[in-house]
Amino acid sequence: MAQLFRTKRLFKSPYFPGILRAVSVALLGLGVYFLLEGSQNPTDNPSNVLMWLFWWPLFIVQYLLLGRFWCAVCPFGCLGDGLRAACGLNLPVPNWVKKYGPLIIGFFLVLIVWAEEAFVIPSHPKATAILLLVVVGCVLAASAVFERRAWCRYMCPLGGMGVAYARVGMLQIRGNPDKCRTCNAAICYYGSSHVAGCPMNEFPRIKETNAYCIFCGNCVKSCPKDSAKVEFRLPSRELWLLRKPGLMEAILSVLLGGVISATQFQHAFPEVLDLLSRHFGYRTGFTFFFLTWQGLFLLGLTLASQAATLFNGVSVKMNFSVFSYAIIPLILGAHLAQGLHLFARGSTVLQWMAEQRYGLDLPLGMSPDATLLHAVQFLSLGVGFLLSMAAVRYAAGTFFSRQRKIWASITPFAATFTVLCGLFVWILTRTPRENLAPLPQNADISAPSLEPLWWFLGFVAAVIIAAKLCDPLIRRRQAKHMDQAEPARTLHLVVKNEASEIVTAERALTRLAQAAGIGVKPIFDACTALEELMTYALLRYLEYEHQRAGAVESYGTRALARMLDGRRPDLELAFTVLPQAIIIEMAEDGPPDDPLAALGPDTDEGLASGSRADRQIYRLRKYMSSLSYDRRNGKNVLTVVCNFETGDDLKSLSRLR
């Protein structure tokens, strides 16, 4: 899609998103204060009405239009950034948190929605304030311990919706592959002295999804090559181009669908919950209903995956991972339909408040059962259903085209999504029970109190003191850990001298380095060096093959040419990952041949007319000073050392060995 130049100028502004974050923090503070000190009648407290009936619907709409843009200006994340900058320990996120992050998000999402409904939080402004303070406390605790925005990436339930819904969003930031290919700085990830790195621990060069992009604009500001592009795209296009489905994110998408559908069914059919409440009590009955619904929703997608397995022969895990993403547009359409009802309800309540308090007659009222409202709700649901069916079709064409069982794979999920769409339509035909209805005159309304705010401030002070006390101990432990010699991780790999094997070697090196806990930038540099080394070997062989073919044709010995064609030498690769460096060695059979011997300090003019292999080795030597040649066991060995701290230096090779 075309790049949005004016939008990109906005992202480059030094005031973005700082001003919006300041406004959001101020609004959060005022909102919490009025929730605690204002009227405890839910429809008579402006903060309560604006949060549940206006902010919440708009929060869902922004996912469709802007992806996770709210996360860039979220007051929770902004407060966490401030605490982390002041006294954060900046510890790396544990690997198990990274691996199971979507499940952690799903757990918190189910927990917070259960708490909202079980304790009827929207009908109690004080409980709403406490919920907000609890979430802020969790954000501050995570920010005081971990680096970057660990809470937003791996734990936030609101961000968990973004992991799913942002894939349908119409805005994206992507790097220009041609420009990124020539950049070795990775400033977009690590940041610079003026602009911080990616707060979500994403590497924009290889980013393929909007799931974890919060549109903070840091990569747009810091990119030295102006590579980052701000673009519009078709809704759910990312799901059509999905290449790397993950089981954890698929489970999160299904949990999100179960949560949204459960709350909608609960309000549309209150008699079911009333029946359970009479036998078990409200909270116990609701808990039983809520958890049972989640299990049934997950079971339905699992059975569809099992049915698809019977047709296409692929594992249930693979079918579930691939096709569960396709449910996202349908769930978003149903969520938007619910948001429209809340917005209509909010306009009516706000008009009533304006008349009662200020005598204003605002033309905001819109009946929740208006024909136009229902038409827009059904349209939202229908578009979501069609986008989900399109996503199923594209997923089957991408992953199962070779089996030629595309329609067999689609059928179970198409049937499941049709049933779910019918369920949502049935729910929309009902008038839901309001959980933000005005309380009766004789209701027991708790008196306003700022006591939860004082408890929150005490918790913040305790977090800051604990971080200050732990900081010296952790720094001492980190220094001791760095001083201790860590065992080297090594890997030996034999590949063909072919261009297609470069990707195989890079993946092997990346997995080895990631297992050793190496960061993105060193891995990127090491893969670049490996790619250049293997490119040189390939160019050298192709030139030799071309010269040999000419000699063979001159003698007319075609049988000898066919025999020699099968003797393409293998490349023996050895990777060694040390605490401060990655050593790459490439060995090849052949007579002694030092490609660096002919390279002197003034070889630019001579190489201008040289072969492509000569120019390649000269460029390697120019930009990688640690490049060295050795003859071992009858093989020619080229070695490159990528040093994390001092750069590529030949002297570091002898020291690290």
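Owing to the predicted nature of the structure, the values given are computational and were not obtained by experimental measurement. Heavy atoms only: backbone and side chains are in, while hydrogens, waters and symmetry mates are out.
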Per the side-chain contact (heavy atoms from CB on, under 4.5 Å) rule, which among Val113, Ile112, Ile331, Val254 passes with Val259?
Val113
Does a side-chain N-to-carboxylate-O contact under 4.0 Å join Asp81 and Arg148?
no
Would you indicate whether the side-chain heavy atoms of Leu79 and Leu83 approach each other to under 4.5 Å?
no
For the side chain of Ser321 and the backbone of Pro245, is there at least one donor-acceptor N/O pair under 3.5 Å apart?
no
Tyr63-His335 side chain donor-acceptor pair, cut-off 3.5 Å
no
For the backbone of Phe34 and the side chain of Glu37, can you confirm whether one donor and one acceptor N or O come within less than 3.5 Å of each other?
no
Exam field: side chain Ser380 to backbone Gly333, donor-acceptor pair closer than 3.5 Å:
yes
Geometric class of the Phe11/Phe215 ring pair [parallel <30°, tilted 30-60°, perpendicular >60°]
perpendicular
For Leu342 and Phe54, run side-chain contact (heavy atoms from CB on, under 4.5 Å): C-alpha distance rounded to whole Å, both residues' side-chain angles, the deciding distance at 0.1 Å, then the answer.
CA-CA 7 Å; Leu342 293 176; Phe54 283 92; over 6 Å; no
If you define the side chain from C-beta out and look only at heavy atoms, does anything of Leu573 sit under 4.5 Å from Met534?
yes
Can you check whether Pro122 reaches Asn48 side chain to side chain, under 4.5 Å on heavy atoms?
no
Are side-chain heavy atoms of Val322 and Leu242 found at a separation under 4.5 Å?
no
Judged by atom type as modelled, is there a donor-acceptor pair below 3.5 Å linking the side chain of Ser388 to the main-chain atoms of Ala326?
yes
Any side-chain heavy-atom pair from Leu109 and Met161 closer than 4.5 angstrom?
yes
Just checking, is any N or O donor in the side chain of Thr128 or Trp52 under 3.5 Å from an acceptor N or O on the other one?
yes
Establish, yes or no, whether a centroid distance under 6.0 Å links the rings of Trp151 and Phe108.
yes
Let's go through Arg21 and Cys216 carefully: what are the C-alpha distance in whole Å and the side-chain angles of both, what is the deciding distance for side-chain contact (heavy atoms from CB on, under 4.5 Å) to 0.1 Å, and is it a yes or a no?
CA-CA 11 Å; Arg21 288 176 175 175; Cys216 62; 4.1 Å; yes
Enumerate the residue pairs fulfilling side chain to side chain donor-acceptor pair (under 3.5 Å) with a member in residues 210-224, sequence neighbours excluded, ordered by first and then second residue.
Arg174-Asn210, Tyr212-Glu249
Is a donor from one side chain sitting under 3.5 angstrom from an acceptor on the other, for Thr209 and Arg167?
yes
Over all atoms of both residues, closest heavy-atom pair of Leu493 and Ala508
CD2-CB, 4.0 Å
Pair Glu147 + Arg84: basic N to acidic O under 4.0 Å:
no
What are the two closest non-hydrogen atoms of Glu585 and Thr639, and how far apart are they?
CG-OG1, 3.6 Å
Hey, is the main chain of Ala391 close enough, under 3.5 Å, to the side chain of Tyr325 for a donor-acceptor pair?
no
Side-chain contact test, heavy atoms from C-beta onward, threshold under 4.5 Å: evaluate it for Val163 versus Arg68 and give yes or no.
yes
Side-chain heavy atoms of Ile214 within contact of Glu202, under 4.5 Å
no
